4 protein chains.
Amino acid sequence: MGVQGKRVPRAVREQQMLDAAVATFARRGYRAASMDEIAEAAGVSKPLVYLYLNSKDELFTACIRREADALKAAVRAAVEPDAPADRQLWSGLLGFFEHTAAHPDGWTVLYSQARTVGEPFAAEVAVMRAEIVAFVTGLIAAAARDADCEAADQSLADREVAALAHALVGAAESLAGWNAGTTGPGRPSGKESAATLMNFAWSGLDNLMTGHRWTPSR
Amino acid sequence: MGVQGKRVPRAVREQQMLDAAVATFARRGYRAASMDEIAEAAGVSKPLVYLYLNSKDELFTACIRREADALKAAVRAAVEPDAPADRQLWSGLLGFFEHTAAHPDGWTVLYSQARTVGEPFAAEVAVMRAEIVAFVTGLIAAAARDADCEAADQSLADREVAALAHALVGAAESLAGWNAGTTGPGRPSGKESAATLMNFAWSGLDNLMTGHRWTPSR
Amino acid sequence: MGVQGKRVPRAVREQQMLDAAVATFARRGYRAASMDEIAEAAGVSKPLVYLYLNSKDELFTACIRREADALKAAVRAAVEPDAPADRQLWSGLLGFFEHTAAHPDGWTVLYSQARTVGEPFAAEVAVMRAEIVAFVTGLIAAAARDADCEAADQSLADREVAALAHALVGAAESLAGWNAGTTGPGRPSGKESAATLMNFAWSGLDNLMTGHRWTPSR
Amino acid sequence: MGVQGKRVPRAVREQQMLDAAVATFARRGYRAASMDEIAEAAGVSKPLVYLYLNSKDELFTACIRREADALKAAVRAAVEPDAPADRQLWSGLLGFFEHTAAHPDGWTVLYSQARTVGEPFAAEVAVMRAEIVAFVTGLIAAAARDADCEAADQSLADREVAALAHALVGAAESLAGWNAGTTGPGRPSGKESAATLMNFAWSGLDNLMTGHRWTPSR
DNA sequence: GATGAATGAGGATTCATTCAT
DNA sequence: AATGAATGAATCCTCATTCAT
């Protein structure tokens, strides 16, 4: 069945299987993707998939882990460690959008599929998300310190910095999700998406620093 | 099997079935939800579900339509038609968050499940989303006019108002999505979520009006 | 549902149901025809069909009986009792072909469906067939006596007259079956079909009378 | 579950499945035969039947094709190619009756079931039948030429030779059909059935050659 | 390292049939 | 005389998973 040569070393075969699985899970969803389909897409027989990855659940988990690690690595590799905080945030966002654009199936599996399938998997993604939120929170806080060293009520700001980070990550996910569903010339570039969000983050930060808010009773 | 009274008129039974279906689809996802489970949750036998709703696909579609209509109606009912635009936006957001908080299963079905299952269903949700984005775009544009009547470069603003509306809706969806996954005292109230987003919208609007932007080369 | 007036007397309703059932069974076969379909075709609700005809089996049996009786009656009505035997056979065949042509659904139910469904029903048709074969056997025997009064070995002829009758009936059925499957100008008229079979019967009879036979060792 | 050995190669298992399917379809009809029943009769599990034959429709089609091919092959193998035409017809008929007698289930599936189920299947059988009719037409025409080389009105004869062939095939089918329904000592041998039909064919041929016919107005 | 053969379990869908009105 | 409401019992089909080689 496999048109390609046989006797491929295990590590390589496993990556081929994960590639096939990610693509299939992204296109069909966890339940609708069949092990048959994945095995065929990987160019191997079904028992081999089981030999290496044990079960559909473990296969899906392996996909999630691989894609989550790759995404985190891409973001981490994108930030310049010694740059000013706003520059770090900017390059991190850029890394995020460029990676998700380059690996749309991975992003779909993480964002759309894993979170809708249910418990063992959603937790996995939640952990990754928490790490990213923490990372962004740190950057925003640093940026705030850089911008205004004599901030008065730091304790209040902490809580709101976290809210801002959450909102920023949520917005980034939403943008990436809609990007993944868009093809052709209308699709925003990573730079555009990142710039949009930097503007959000910065005006949000301004609001925080100046205590300038919209209120219903205005 | 059904513990409740029998011989219920069709219209009532259909709503019971849709209630059960929305809850089940939200918890399990489209594929994993079985018609057996739904019928049992509705307190009727499976053939009756088929008699009234025809197929799993049509049942799911009926759920999507009902929840989408309910959401649109809730938002529309929340806005005060003659209030100033910012007030309208605020009350619309409030209506949105209160409805999604009150009907988390409906929101999950619309936002998480329908969009990940594939084509006949995703399109249905896309239409609803487009209507909401258009509505929000109108409100933001009106608010911008109210705030600054002599705005110079309106044509540029139009394009960016639309981007802002998209981002606002995306952020609202993301927030509602994470709210739906959160229970207990940590869960933000509808008012909090709406206020957060109004601040986003307002600072975004400020950016638009003042031409004040963050750029990487800064 | 029923577009026609209500409160129809039972005897009439029953015939409407049988009409609908015969048409449906002919088109779909016994198993594939659903009681729903039949009730709808009859313009009544399903419980009414059950009220009058009790079960699908009994309904099918009633169809078979009605169509078998109608066919036998048509053949009997067609023969002129006091005519010479060959003339009687001819008019009987004509009656047979004209009736089956006028009631193709009835013929299909009897010939194609009832015999392939299995036991309670096939027996019903077998009885009808036996009656017809007996009737034809009598006519052929009479015709033979008319044609040649001093026939020598009557006992041998009896066995062969029966074989001829069987073959004639089988051929008639086969012809009617293929006629029922044919529509348009290519379809043979009842007269043509009857003439074809009379020629078969007559040459078969000749063979019997003259002892003139084809044998493999010739 | 299967009492026979396991790990049978695919080609063999497929034939076992077809054997079981032909027997089951013949006894119960297409609709009433369940895949469970067929799988059990084949001594395998249902999924294996689906793995090899894909669906009930395809399984039935495969049965029809196999039985049709076997029947055509049996007839072709029976005729002696260089014998006189009447001898060829005789041996073909003999082959037909012996094959249908040896494979009554196959004949039932072809003749009774496939034709009553509906369109994709009836067409398959119609093609086979057309091939057989063409073959017989050729033999009868040849026999006619052998018997009377100076036949005057060949064009008329052509049309009637075809009619005769049709009638002969119809009669053979009818005979084989009733044979298949008969068991025990009363069942005619293949030789008897073939001889009966040769006599039909020969007297029909005589009628054609001599212009000797029965007419109602006689 | 790799696969052809095989299955238990479950899911969508349909159908004959009944009951309360 | 007639029907809307309701269901138990199949039936077709798919899938994750294993075993022997």
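Since this is a predicted model, take the numbers as computed values, not measurements. Just so we're on the same page: letters track the sequence lines, and every chain starts at 1.
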| request: Check the pair A/His103, A/Trp107 against side-chain contact (heavy atoms from CB on, under 4.5 Å), reporting the backbone distance first and the verdict last. | output: CA-CA 6 Å; A/His103 303 280; A/Trp107 177 248; over 6 Å; no
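- Between the CD atom of B/Glu37 and the P atom of E/dA12 there is a distance of 10 Å, given to the nearest Å.
- Counting to the nearest Å, the C1' atom of E/dT7 and the CD atom of D/Glu40 are 14 Å from each other.
- For C/Asp69, there are no side-chain hydrogen bond (donor to acceptor under 3.5 Å, both in side chains) partners, not counting sequence neighbours.
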| field | Under the 3.5 Å Watson-Crick or G-U criterion, the dot-bracket string of DNA chain F, with | for inter-strand pairs | value | .||||||||||||||||||||
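- Residue D/Glu14 contributes atom CD, which lies 11 Å from atom P of E/dA6 at whole-angstrom precision.
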| query | Going 5' to 3' along nucleotides 16-21 of chain F, which nucleotides have protein heavy atoms under 4.0 Å from the base (write B), which only from the sugar-phosphate (write S), and which from neither (write -)? | reply | SBBBS-
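- In terms of position on DNA chain E, the residue among D/Leu51 and A/Tyr52 whose nearest nucleotide sits closer to the 5' end is A/Tyr52.
- For D/Arg66, the salt bridge (charged side-chain N to carboxylate O under 4.0 Å, His left out) criterion is met by D/Asp19, not counting sequence neighbours.
- Counting to the nearest Å, the P atom of E/dG1 and the CD atom of A/Gln16 are 14 Å from each other.
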Got a list of side-chain donor-acceptor pairs under 3.5 Å for residues 48-56 of chain B, not counting sequence neighbours?
from	atom 1	to	atom 2	distance (Å)
B/Asn54	ND2	B/Glu58	OE1	2.8
B/Ser55	OG	B/Asp57	N	3.4
B/Ser55	OG	B/Glu58	N	3.1
B/Lys56	NZ	B/Tyr30	O	2.9
B/Lys56	NZ	B/Arg31	O	3.4
B/Lys56	NZ	B/Ala33	O	2.8

| said: The test is side-chain contact (heavy atoms from CB on, under 4.5 Å); show your working for D/Ile38 and D/Met17 and say whether it passes. | reply: CA-CA 7 Å; D/Ile38 292 170; D/Met17 289 176 190; 5.9 Å; no
| query | Which is it for D/Leu71 and D/Glu67 under the side-chain contact (heavy atoms from CB on, under 4.5 Å) test, yes or no, and what are the steps along the way? | reply | CA-CA 6 Å; D/Leu71 176 57; D/Glu67 297 306 319; over 6 Å; no
| Step by step, would you call A/Val22 with A/Thr108 a side-chain contact (heavy atoms from CB on, under 4.5 Å)? | CA-CA 9 Å; A/Val22 167; A/Thr108 300; over 6 Å; no
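- Side-chain atoms of A/Thr116 come within 3.5 Å of backbone N or O of A/Gln113 as a donor-acceptor pair.
- Not counting sequence neighbours, the partners of B/Glu124 by the side-chain contact (heavy atoms from CB on, under 4.5 Å) test are B/Thr61, B/Ile64, B/Arg65.
- E/dG1 atom P lies 10 Å from atom CE of A/Met17, rounded to whole Å.
- Applying the 4.0 Å criterion to OP1 and OP2 of F/dA6, one finds that B/Arg10 has every side-chain N and O outside that range.
- Rounded to whole angstrom, the span from the CZ atom of B/Arg13 across to the C1' atom of F/dA6 amounts to 8 Å.
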